[in-house]
Enquirer: 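Please find one structure pasted underneath; my questions will follow.
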Amino acid sequence: EVIAKLSQMMRYMIYDSNHPRVLLSKELEYMENYISLERLRLNNQIPIKFTVEGNTEEVWIAPLIFITFLENAFKHGVSNSNPKAWVTIDIQIQGKQCVYTVENSKPSSNVNGTEKSGIGLQNVQRRLELSYPHQYQIKIEDKPDLYFVQLQLEL
């Protein structure tokens, strides 16, 4: 199962992500595979909620634009040693607008505090400027107990 998911993810990264736009359904499949692997890594002990609302058919987006926020949620906010850890991912399609929200718990003592570089966020902001100039809004809240990111895209 793990090898199949990894091979699907690699296939997407090698072949599909080289295009300026991909079907949202392909991006969602990539994200679902990533979440499944994280669930396995965390022994299904951390609540992870992933919801998609709206009509995702024939919606095209820039590839791998969502994954940085998802990776950060697991990298900085989730571990087996924190029984109160959680991650919530939500994608809503409303007409020509996509609202992507990732929210995660933060450890009470920030063990990874020295690892924060912000390179991933800088890169995704540059990609957003290139792919969606003046067509996106990003809201980031870094609170003591949670991290919240919301990206609104005009499709």
Enquirer: If I take atom CD from residue E29 and atom CG from residue D16, how far apart are they, to the nearest 0.5 angstrom?
Expert: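 Nearest 0.5 Å value for the CD-CG distance: 9.0 Å.
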Enquirer: I would like to know whether I91 and V99 meet side-chain contact (heavy atoms from CB on, under 4.5 Å); could you show each step before the answer?
Expert: CA-CA 6 Å; I91 296 177; V99 179; over 6 Å; no
Enquirer: Do E27 and Y12 have side-chain N/O donor and acceptor atoms under 3.5 Å apart?
Expert: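 Result is yes, a qualifying pair exists.
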Enquirer: Should we count NZ of K26 as having more than 12 external heavy atoms under 6.0 Å?
Expert: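 Not more than 12 within 6.0 Å, no.
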Enquirer: Quick one: pull up OH in Y30 and CZ in F66 and give me the separation to the nearest 0.5 Å.
Expert: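 Interatomic distance, Y30 OH to F66 CZ, rounded to 0.5 Å: 13.5 Å.
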Enquirer: How many angstroms lie between atom CG of L28 and atom CD1 of I89, to the nearest 0.5 angstrom?
Expert: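 Reported to 0.5 Å precision, the distance equals 11.5 Å.
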Enquirer: Between Y136 and E129, is there a side-chain donor-acceptor contact under 3.5 Å, judged purely by atom types and distance?
Expert: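 On atom types as modelled, these side chains qualify, holding a pair under 3.5 Å.
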Enquirer: Would you give the length of the straight line joining atom CZ of R39 to atom CD of Q45, rounded to the nearest 0.5 angstrom?
Expert: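 R39 CZ to Q45 CD: 13.5 Å, rounded to 0.5 Å.
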Enquirer: May I ask you to say whether D142 pairs ionically with K106, meaning some side-chain N is under 4.0 Å from a carboxylate O?
Expert: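 Yes.
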Enquirer: Say whether Q150 and T101, considering side chains only, have a donor N or O and an acceptor N or O under 3.5 Å apart.
Expert: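 There is such a pair (donor and acceptor under 3.5 Å, judged by atom type) between the side chains of Q150 and T101.
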Enquirer: Do D90 and Q92 have side-chain atoms, one donor and one acceptor, less than 3.5 Å apart?
Expert: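 Present: a donor and an acceptor within the cut-off.
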Enquirer: Any donor and acceptor pair, going by atom type alone, linking the side chain of Y132 with main-chain N or O of A62 inside 3.5 Å?
Expert: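 Flag set: sc Y132 to bb A62 pair under 3.5 Å.
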